[in-house]
Participant: 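Before we start, here is the structure in question, set down as structure tokens.
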Amino acid sequence: MANITLKKDSQSPEKQTQDPMQIERTYQQNVFAPKTDIYEQKDTLVLIADMPGIDENNVNIDIERRILTISGNPQPQQFKDYRMVYNEYEYGQFERSFTLSDNVDIENIKATVKDGVLKIILPKAKNALPKKISVKAG
Amino acid sequence: MFGTEYRRYGSWYPWQNFHRLQNQINSLFGNFPDHYSGQYPAINVWQNHDDTIITAEIPGVKSEDLDIDVQGETLTIRGQRKIHELQDDEKYHRQERENSSFVRAIQLPYHIDVDKVRAKLEKGLLQLTLPRAQSDKPKKVKVLNA
């Protein structure tokens with residue numbers, strides 16, 4: 001299980017939800033936006049993000065004012081006594097934010113991580129589930 | 001193949017500005033490092049005297065869907081990744097990940113000792129250690145005092 005923190009009463013200004021690559025940063029490290037799928041099921045939304053190198057200990061999920069931010073900080077690969085001779089991909093952190101619609105039940109969000117892929121299950125709030133209204137003959 | 005040769009030529013390397021321009025253009029389409037060949041998966045390579053380590057990011061690929069062949073000087077990585085198959089009552093809001101099957105062949109500058117190759121797949125990171133074959137190692141020549 002990944003850590004999920006809920007900050008509902010925070011007064012901080014609303015976070016930007018753009019692509020992190022576009023945000024000016026003061027971090028020293030690279031920050032990448034993980035490739036993400038979001039699909040809707042009958043009573044849940046599922047978010048799946050590719051974050052190679054992360055496990056349950058170095059991934060964070062924050063929810064603040066209905067903005068869901070996923071972030072991960074994998075250990076850069078290093079090998080003692082070896083010299084890097086060819087380099088096609090860079091190391092860095094992952095971070096990306098999404099705005100949740102009102103119909104997500106943020107108290108019951110669950111997350112798992114496997115094979116470097118983060119999966120977040122976002123249940124729909126009860127009152128957002130479709131209701132059947134039966135019509136009686138009058 | 002690990003051509004870092006041009007760095008030797010320092011600041012007057014004539015193609016430097018061309019490379020810079022190309023990198024800037026590339027960065028419009030995604031953030032690829034200088035030498036990214038565009039092949040999947042992207043690899044990083046480390047070497048020491050006897051071994052080569054190749055790493056690749058392949059999130060979501062399971063070890064049973066990964067096939068690694070070593071022959072002579074050539075390493076071949078084959079694999080496939082399956083993403084969630086949508087059921088009838090499901091729909092995508094956003095889809096950026098893909099089903100993919102990939103093949104990548106990498107040629108090393110020496111014969112690989114096939115029996116000593118080690119592969120590790122952990123947290124979506126593949127790590128291959130490819131030792132140099134004994135027969136391919138350089139022979140030391142002793143210089144005798146005349």
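Labels below follow one simple rule: chain letters A, B, ... track the order of the sequence lines, proteins then strands, and each chain is numbered from 1.
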Participant: What I want to find out is whether B:Arg81 reaches A:Asp50 closely enough, with some N-O distance under 4.0 Å, to be called a salt bridge.
Facilitator: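 Salt bridge flag = yes for A:Asp50 with B:Arg81.
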Participant: Answer yes when A:Glu88 and B:Arg104 have at least one side-chain N-carboxylate O distance shorter than 4.0 Å, and no when they do not.
Facilitator: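 Counted as a salt bridge, because a side-chain N and a carboxylate O are separated by less than 4.0 Å.
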Participant: Tell me the residues of residues 83-102 of chain B whose non-hydrogen atoms fall below 4.5 Å from those of chain A, in number order.
Facilitator: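 Checking residues 83-102 of chain B against chain A gives B:Ile83, B:His84, B:Leu86, B:Asp89, B:Glu90, B:Lys91, B:Tyr92, B:His93, B:Arg94, B:Gln95, B:Glu96, B:Arg97.
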Participant: Is there a continuous path of hydrophobic side-chain contacts, each under 4.5 Å between heavy atoms, that joins A:Ile121 to A:Leu100?
Facilitator: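 In one cluster with A:Ile121: A:Leu100, no.
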Participant: Heavy atoms, side chains only, cut-off 4.5 Å: are A:Tyr89 and B:Thr55 in contact?
Facilitator: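 The answer is yes, as the side chains (C-beta and beyond) meet within the 4.5 Å cut-off.
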Participant: Determine whether A:Val46 and A:Ile109 fall in the same hydrophobic cluster, where Ile, Leu, Val, Met, Phe, Trp and Tyr are linked whenever their side-chain heavy atoms lie under 4.5 Å apart.
Facilitator: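 In one cluster: no.
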Participant: Surrounding CD of B:Gln80 (heavy atoms of other residues, nucleotides or ligands, distance under 6.0 Å), is the total greater than 12?
Facilitator: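 Counting other residues, nucleotides and ligands, CD of B:Gln80 exceeds 12 neighbours.
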Participant: Is B:Ile68 reachable from B:Val45 through a run of hydrophobic residues whose side-chain heavy atoms are each under 4.5 Å from the next?
Facilitator: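 Per the 4.5 Å side-chain linkage, B:Val45 and B:Ile68 are co-clustered.
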Participant: Mind checking the CG-CG spacing from A:Asp115 to B:Leu121? Nearest 0.5 Å is all I need.
Facilitator: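 Taking CG in A:Asp115 and CG in B:Leu121, the distance rounds to 6.5 Å.
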Participant: Would you call A:Gln77 and B:Leu125 a side-chain contact if the rule is heavy atoms closer than 4.5 Å?
Facilitator: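 They are in contact (side-chain heavy atoms under 4.5 Å apart), so the answer is yes.
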Participant: Are A:Val113 and A:Leu122 connected, step by step, through hydrophobic side chains (Ile, Leu, Val, Met, Phe, Trp, Tyr) whose heavy atoms are closer than 4.5 Å?
Facilitator: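 As far as the 4.5 Å side-chain criterion goes, A:Leu122 and A:Val113 are connected within one cluster.
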Participant: Let me confirm one number: the CG-CG distance from A:Asp81 to B:Asp51, rounded to the nearest 0.5 Å.
Facilitator: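 Those atoms lie 11.0 Å apart.
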Participant: Can you pull out every side chain to side chain donor-acceptor pair (under 3.5 Å) where at least one residue sits in residues 117-132 of chain B? Sequence neighbours excluded, please.
Facilitator: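 Counting only pairs at least two positions apart or across chains, the side chain to side chain donor-acceptor pair (under 3.5 Å) contacts touching residues 117-132 of chain B are A:Asp55-B:Lys123.
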Participant: Give a yes or no on whether B:Leu108 and B:Leu75 share a hydrophobic cluster (residues Ile, Leu, Val, Met, Phe, Trp, Tyr; joining criterion: side-chain heavy atoms under 4.5 Å apart).
Facilitator: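 Yes, B:Leu108 and B:Leu75 fall within the same hydrophobic cluster.
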Participant: Heavy-atom pairs under 4.5 Å with chain A: which of B:Gly60, B:Pro59, B:Gly124 has the most?
Facilitator: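 The residue among B:Gly60, B:Pro59, B:Gly124 with the greatest pair count is B:Pro59.
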Participant: Could you tell me if the side chain of B:Lys62 sits less than 4.5 Å from the side chain of A:Lys114, heavy atoms only?
Facilitator: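 Touching, per the 4.5 Å side-chain cut-off.
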Participant: Side chain from CB out, backbone as N, CA, C, O: work out which of these in A:Ile48 comes under 4.5 Å of a heavy atom of chain B, or both, or neither.
Facilitator: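 Backbone plus side chain of A:Ile48, per the 4.5 Å heavy-atom cut-off to chain B.
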Participant: Heavy-atom pairs under 4.5 Å with chain A: which of B:Val61, B:Ile58, B:Asn48 has the most?
Facilitator: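 Winner by heavy-atom pair count: B:Asn48.
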Participant: Measure the OH-CG distance between A:Tyr91 and B:Asn44 for me, rounded to the nearest 0.5 Å.
Facilitator: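 Here the interatomic distance stands at 4.0 Å.
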